[in-house]
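One structure below.
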Amino acid sequence: MKHYIIAAGGTGAMCVRSLIYLAAAGCLPESTYYILLVDMDRESDATNKCKKLMEGYNNFYELMNNVSNEDKKHLRLPELVLVEWNFADAVLCKYASINGVDVFKIPQLSSLTLKHLYNSHGDAGLQRVLDTLYTPAEQNMKLDEGFRGHPNVGCAVFNYVADEFVADRFPTRTGEICDNRFMQKLKEQLFDNLSDARVYVFGSVFGGTGASIFPNVINRLHSWYDELHPNPKEPAGKLQIGGSLLLPYFSLPTYCGDGIDKDAADIVPNDLKFENQTRMALEFYGS
């Protein structure tokens, strides 16, 4: 039996850390778990800690594979396969492709904004749409450190690269083409092995990445399944999706605003907004 877990943002990565500890303690069924870390912030502390812990678990897993069968009876470990899908590389590569520029000529992701992604050529009509949906600060918010508690921005960025999210392979900024083992194995189980697949999503509903992509990831997976299985009479496994929606669990230091202009202050994460964002998210999911 294989399991598929999507961890959105910092909260998702922390949930996966708990999962790794459970696996190491022998509290999970002996199986294979494919874990996809999804984040925009390449330097996320939560994601880096999760990857470091996974390295330790893999060493432990290999060590246990080399012990005697008698010892294995006391602790049988599941296989954990970690795959990282980073918004940053996907956004950079697609932006470069659409606009005909070399990805290496884009200095860093901080040179890109929501306005760059959706109106790079300055279309007046499209700009009016952006002005209706987003404040100037949100349109010009640099995308190199996540979405700073603005899920409306994150939703648009994810939709920009939603097709890349479900692709079997994806490019990186270095020009390397990487296998997306998570999606490859999910596709194989559903359409080659014709067995049901369970996908579970971890993420928050009050902050940045988790709140941004939770409904969008689920919708894109459903549409991906329908695209690959247009005839319901053809044999295929069923795609089952569940998830954990984490409510606000921390507060942030009071922002003093010293040395930062007003537009920058408008996009600083604010825990006073968490409750309202959570309420709106849950109302949306409930509908």
Side-chain angles (χ1 to χ4, degrees), residues 1-69 71-90 145-146 165 170 172 178-189 196-214 217-218 221 239-250:
M1 182 68 178
K2 295 182 176 65
H3 304 269
Y4 302 88
I5 296 166
I6 297 175
T11 295
M14 287 190 286
C15 290
V16 169
R17 290 181 66 198
S18 298
L19 186 79
I20 296 170
Y21 282 121
L22 287 172
C27 297
L28 296 181
E30 186 180 10
S31 182
T32 301
Y33 294 78
Y34 290 96
I35 303 169
L36 184 67
L37 294 181
V38 182
D39 208 340
M40 186 71 176
D41 183 2
R42 189 178 286 103
E43 302 303 322
S44 165
D45 185 57
T47 299
N48 288 335
K49 286 182 177 179
C50 183
K51 291 191 291 186
K52 186 69 175 177
L53 184 62
M54 181 62 80
E55 290 176 8
Y57 179 84
N58 286 335
N59 291 335
F60 184 37
Y61 182 82
E62 291 298 324
L63 180 65
M64 290 301 297
N65 278 344
N66 293 326
V67 302
S68 67
N69 289 331
D71 290 331
K72 283 183 181 179
K73 291 180 182 178
H74 302 290
L75 183 62
R76 303 185 70 87
L77 299 177
E79 180 185 16
L80 305 183
V81 180
L82 191 69
V83 179
E84 186 178 8
W85 189 81
N86 192 282
F87 271 105
D89 283 357
E145 295 180 356
F165 176 78
F170 55 84
T172 67
C178 296
D179 288 329
N180 186 344
R181 292 185 65 192
F182 182 93
M183 293 304 302
Q184 288 177 352
K185 290 298 181 180
L186 181 59
K187 180 179 178 181
E188 176 184 311
Q189 181 167 333
D196 296 350
R198 297 176 179 176
V199 179
Y200 201 84
V201 186
F202 287 113
S204 71
V205 292
F206 61 89
T209 304
S212 299
I213 75 169
F214 198 98
V217 159
I218 293 172
L221 285 173
L239 177 63
Q240 303 176 43
I241 303 177
S244 290
L245 302 169
L246 276 78
L247 304 180
Y249 59 91
F250 62 83

Output the distance between atom [atom1] ([X]) and atom [atom2] ([Y]), rounded to the nearest 0.5 Å.
{"X": "Leu246", "Y": "Cys15", "atom1": "CG", "atom2": "SG", "answer": "4.5 Å"}
{"X": "Tyr33", "Y": "Leu19", "atom1": "OH", "atom2": "CG", "answer": "7.0 Å"}
{"X": "Arg181", "Y": "Leu82", "atom1": "CZ", "atom2": "CG", "answer": "10.5 Å"}
{"X": "Ile213", "Y": "Ile218", "atom1": "CD1", "atom2": "CD1", "answer": "9.5 Å"}
{"X": "Asn58", "Y": "Leu53", "atom1": "CG", "atom2": "CG", "answer": "10.0 Å"}

Answer yes or no: is there a side-chain heavy-atom contact under 4.5 Å between [X] and [Y]?
{"X": "Cys27", "Y": "Tyr21", "result": "no"}
{"X": "Thr209", "Y": "Ser44", "result": "no"}
{"X": "Val201", "Y": "Phe214", "result": "yes"}
{"X": "Lys2", "Y": "Tyr34", "result": "yes"}
{"X": "Ile35", "Y": "Met54", "result": "yes"}
{"X": "Lys51", "Y": "Leu37", "result": "yes"}
{"X": "Val217", "Y": "Val199", "result": "no"}
{"X": "Leu186", "Y": "Leu239", "result": "yes"}

Q.
Which residues pass the ring-ring contact (aromatic ring centres under 6.0 Å, His included) test with Phe182, not counting sequence neighbours?
A.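 Applying ring-ring contact (aromatic ring centres under 6.0 Å, His included) to Phe182 gives Tyr4.
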State, to 0.1 Å, how close [X] and [Y] come at their nearest heavy-atom pair, and which atoms those are.
{"X": "Phe170", "Y": "Glu84", "answer": "CZ-O, 3.9 Å"}
{"X": "Phe60", "Y": "Ala24", "answer": "CE2-O, 3.6 Å"}
{"X": "Gly210", "Y": "Ala8", "answer": "CA-CB, 3.8 Å"}
{"X": "Ala7", "Y": "Ala13", "answer": "CB-N, 4.0 Å"}
{"X": "Pro78", "Y": "Tyr57", "answer": "O-OH, 2.5 Å"}
{"X": "Leu80", "Y": "Ala23", "answer": "CD1-CB, 4.0 Å"}

(Q) Strictly distance-based, threshold 3.5 Å: is any side-chain N or O of Gln189 a donor or acceptor partner for the main-chain N or O of Asp196? (A)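 Answer holds: yes.
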Q | Residue pair Leu221, Ile6: steps toward the side-chain contact (heavy atoms from CB on, under 4.5 Å) verdict | A | CA-CA 11 Å; Leu221 285 173; Ile6 297 175; 3.9 Å; yes
Q. According to the interplanar angle, ranging from 0 to 90°, do the rings of Phe165 and Trp85 count as parallel (below 30°), tilted (30 to 60°) or perpendicular (above 60°)?
A.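 Aromatic pair Phe165/Trp85 classed perpendicular.
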(Q) Does Arg17 have more than 12 heavy atoms from other residues, nucleotides or ligands lying within 6.0 Å of its CZ? (A)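 Above 12, so yes.
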